[in-house]
Amino acid sequence: MYDYSYCLNRDILCVDLKSFFASVSCIEKGLDPLTTKLAVVADTKRPGSVVLAATPPLKAIGIKTGSRLFEIPQRKDIYIINPSMKKYIQLSTQISKIALDYVAPEDFHQYSIDEFFMDVSESYHLFAHSPFSLAMQLQERIFNLVHIRSTIGIGSNLLLAKLSMDIDAKHTPLGISEWRYEDVPAKLWSIQPLREMWGINRRTEAKLNKKGIFTVGHLANYPVEYLKRDYGVIGVDLHLHANGIDESMIRQPHQAYDKSLGKSQILMRDYSMNELKTVLNEQVDEVYYRSRKLNLYPTRISVSVGYADMGGVRKQFTNKTGFMNTYVIVNLLWDYLSQRLEPDRLYRTITISFGKFIPNQIKQLSLFDDPFQVKTETIENHLDFIRMKYGKNIVMRGSSLLNSGTLRERKGLIAGHKA
DNA sequence: TCTGGGGTCCTAGGACCC
DNA sequence: TCTGGGGTCCTAGGACCC
C-alpha cells in the first residue's frame with residue numbers, strides 16, 4: 001500500500017455531458033433525452049454508418065456508441081438523426097463558459113467536446129462548502145441553461161476524478177461521485193473487466209489476463225518490476241494508475257512534444273489506385289492550410305492507405321528544413337504510393353498526418369531557390385488569404401471536380417460530420 | 001448490410017557518428 | 001580470424017483516447 005500523504009491532493013472535477021450529441025439532438029426536436037430513444041449516426045443514408053451517440057433508453061436496449069446503423073431495430077419509437085456539429089460546438093462552448101465562472105482559465109481543461117476537467121481546490125470555497133456541493137450547483141446551472149444532464153466525478157487527482165466519473169458517478173442517483181485515495185482499494189481495485197479502466201483496452205486486457213491479472217486490484221498488487229520488464233514505461237503507468245496515482249496538473253500541462261495535424265477518411269466507395277491521388281491532393285491542401293494558419297511547417301509527413309479488404313501501406317518522410325509547399329508534399333507521397341500500391345486492388349481509407357512542426361520563419365530567397373517552388377508558395381499564400389476571408393472551401397483544385405473528388409460532398413462538414 | 005474522424009504516446013530496430 | 005560502446009536520429013507499427 002502506498003503512503004498517499006506524499007501524493008498530489010487536489011479537488012478535481014471531471015464533468016461529462018450525458019449522451020451529449022444525442023441529448024442535444026433530442027432537445028432540438030423538443031424531446032426529452034431521458035425518455036426518448038434516439039441515435040445520432042454519422043450518415044443516416046448508409047446502413048453501415050456508426051452510431052456516434054445514443055440516448056439512455058436506446059442504450060438500454062443494447063445500442064451503444066460504435067454500434068452500426070443496421071443494428072438498430074426499425075421502430076416508430078426510435079429516432080435516427082444526422083449530427084448537427086455546429087449546434088454541438090455552440091452548446092459545448094456555452095457550457096464551458098458556465099464552468100469558467102467557478103475556476104480560472106488555467107484551472108480548466110477541455111478534454112473533448114463533451115468532457116472537461118476543473119481544478120477547484122483554490123476556488124470551491126467561494127461558492128460552496130465542499131467540492132461535492134459545487135458539483136451539484138454546476139450540474140443544476142448547466143441543466144437550467146441548456147437542459148443537458150451531466151455526470152461529475154470528483155477526485156484527488158485527474159485520474160481519480162475521471163475514473164470516479166466513468167465507473168461510479170454514472171450509476172448514482174445524483175450522477176456525482178467522489179473518489180479519494182482511501183477509496184482506492186474498495187472502489188478502484190474492484191474494477192473488472194480490466195477494459196473498464198481508462199487506459200486499458202481489449203489488447204492490453206488480453207495480455208494482462210494471460211498473466212492471471214483480471215481486476216485492477218490484481219494489477220495494483222502485481223510486482224511492478226515485472227510490469228516494467230514486460231511493458232516498459234506503460235507497465236509502470238499501469239501500476240501507478242491501478243493504485244490511483246497520477247501527478248499531472250491542469251496548471252502545468254506537459255508540452256506535447258510531438259503535436260500532429262492530420263486528416264483521415266473512409267471513402268464513400270472503393271477507389272482505384274489512381275483515383276486516390278485526387279483525395280490525397282485535397283487532404284494535403286487542407287492539412288497544409290491548417291498548419292499555415294498556425295504559422296507552422298511540418299518536418300515530418302506521413303500517409304497511410306488502406307485496402308478495401310484488409311491491410312494497407314503506410315510511409316513517413318522527414319525533411320529537417322520543413323516541407324515548404326503542397327506541391328512538394330503531394331509529389332513525394334504520390335511517388336511513393338504509385339510505386340507501392342497495387343493497381344488492381346481497391347482502396348477504402350486514406351490518412352495523412354503532419355508532425356514535428358517548426359515555426360514559419362521569414363525566409364530569404366536565395367539564388368538557388370527553385371523558381372517553381374517560390375511561385376507555388378506565393379500562390380498558396382494568396383489562396384490562404386482568400387480562404388481565411390471567405391472560408392476554406394471557397395477555392396478548390398480543378399481535380400476535385402472529378403468523380404474521385406470528395407470535397408464537394410464534404411463541403412460544410414465539421415470533423416467529417418454534418419454541420 | 002462495410003467502414004467516422006481527430007488526436008497522443010510508446011517501442012523496436014536500423015543507420016550513422018565518434 | 002575473435003570485433004567497443006554510447007549516443008542520436010529515423011521509420012514502422014502498435015495501442016489508446018474522445
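Every chain is numbered from 1 and lettered A, B, ... according to where its sequence line falls, protein lines coming before strand lines. Note that this is a predicted model, so its numbers are computed, not measured.
- The residue among A:Pro47 and A:Val233 whose nearest nucleotide of DNA chain B is located toward the 5' end is A:Pro47.
- Counting non-hydrogen atoms under 4.0 angstrom, A:Leu69 reaches nothing in the nucleic acid.
- To the nearest angstrom, P of C:dT11 lies 12 Å from CG of A:Leu333.
- Nucleotide C:dC16 holds its C1' atom 11 Å from the NZ atom of A:Lys207, rounded to whole Å.
- Contact between the side-chain N/O atoms of A:Arg314 and the OP1/OP2 oxygens of C:dA12 is not found at any separation under 4.0 Å.
- Contact check, A:Ser260 against B:dT8: a side-chain N or O comes under 4.0 Å of OP1 or OP2.
- Out of B:dC10, B:dG6, C:dC18, the shortest distance to the side chain of A:Ile234 is found at B:dC10.
- Put simply, CD1 on A:Ile80 is 18 Å from P on B:dT1, counting in whole angstrom units.
- Within 4.0 Å of A:Leu267, counting heavy atoms only, lies no atom of the nucleic acid at all.
- Whole-Å rounding puts the A:Gln283 CD to B:dG6 P distance at 8 Å.
- Between A:Thr65 and C:dC18 there is no side-chain N or O to OP1 or OP2 distance below 4.0 Å.
- With hydrogens and angles left out, the side-chain atoms of A:Ser156 and A:Arg180 include a donor and acceptor closer than 3.5 Å.
- Which of C:dC17, B:dT3, C:dA15 sits closest to the side chain of A:Trp198 comes down to C:dC17.
- A:Phe116 has its ring centre less than 6.0 Å from the ring centre of A:Phe108.
- More than 12 heavy atoms of other residues, nucleotides or ligands lie within 6.0 Å of CZ in A:Arg345, so this atom counts as buried by the packing criterion.
- Listed nucleotides: B:dG4, C:dC18, B:dG5. Nearest to the side chain of A:Glu115: C:dC18.
- Where A:Gly262 and A:Asp309 meet DNA chain B, the nucleotide closest to each residue was compared, and A:Asp309 sits on the side nearer the 5' end.
- Contacts of A:Thr351 with the nucleic acid, taken as non-hydrogen atoms under 4.0 Å apart, are absent.
- For A:Lys263 and B:dG6, the shortest distance from a side-chain N or O to OP1 or OP2 is below 4.0 Å.
- Of the candidates B:dG5, C:dA15, C:dT11, C:dT11 carries the atom nearest the A:Gln316 side chain, counting heavy atoms from C-beta on.
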Query raised in the report: Step by step, would you call A:Thr321 with A:Asn319 a side chain to side chain donor-acceptor pair (under 3.5 Å)?
Result: CA-CA 6 Å; A:Thr321 57; A:Asn319 176 337; 2.8 Å; yes
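- Out of B:dT3, C:dC18, C:dC9, the shortest distance to the side chain of A:Lys320 is found at C:dC9.
- Close placement of the A:Phe143 and A:His147 rings is indicated, their centers lying within 6.0 Å of each other.
- Here A:Thr318 does not reach the OP1 or OP2 of C:dC10: none of its side-chain N or O atoms lies under 4.0 Å away.
- The nearest whole Å value for the distance from the CG atom in A:Leu52 to the P atom in B:dG4 is 9 Å.
- Across the protein-nucleic acid pair, A:Ile350 atom CD1 and B:dG4 atom P stand 16 Å apart, rounded to whole Å.
- Side-chain proximity of A:Arg203 to the nucleotides C:dA15, B:dT1, C:dT11 is greatest for C:dA15.
- Annotation: B:dC16 and C:dG4 have their C1' atoms spaced 15 Å apart (nearest Å).
- Aromatic pair A:Tyr2/A:His239: ring centres closer than 6.0 Å.
- At the phosphate of B:dT11, neither OP1 nor OP2 sits under 4.0 Å from any side-chain N or O atom of A:Arg229.
- Among the atoms of the strands shown, only primed sugar atoms or phosphate atoms (P, OP1, OP2) are found under 4.0 Å from some heavy atom of A:Asp114.
- Using modelled atom types, no side-chain atom of A:Trp179 and backbone atom of A:Leu188 make a donor-acceptor pair closer than 3.5 Å.
- As rounded to whole Å, 12 Å separates atom P of B:dG4 from atom CD of A:Gln265.
- Taking the side chain of A:Tyr111 as heavy atoms from C-beta on, and the options B:dG4, C:dC18, B:dG7, the nearest nucleotide is C:dC18.
- Note: OH (A:Tyr231) to P (B:dT11) measures 13 Å, nearest angstrom.
- Residue A:Asn201 places its side chain closer to C:dC17 than to any other of B:dG7, C:dC17, B:dT3.
- The side chain of A:Arg46 places an N or O atom within less than 4.0 Å of a non-bridging phosphate oxygen (OP1 or OP2) of B:dT3.
- At least one donor-acceptor pair closer than 3.5 Å links the side chain of A:Arg68 to the backbone N or O of A:Gly48.
- Phosphate contact (OP1/OP2 of C:dC18, side-chain N/O of A:Lys162, threshold under 4.0 Å): present.
- Taking the centre of each ring, A:Tyr88 and A:Phe21 come in below the 6.0 Å mark.
- Annotation: ring-ring contact (aromatic ring centres under 6.0 Å, His included) contacts of A:Tyr226 (sequence neighbours excluded): none.
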Query - Nucleotide pairing, DNA chain B (Watson-Crick or G-U, distances under 3.5 Å), in dot-bracket with [ ] and | - result: ....||||||||||||||
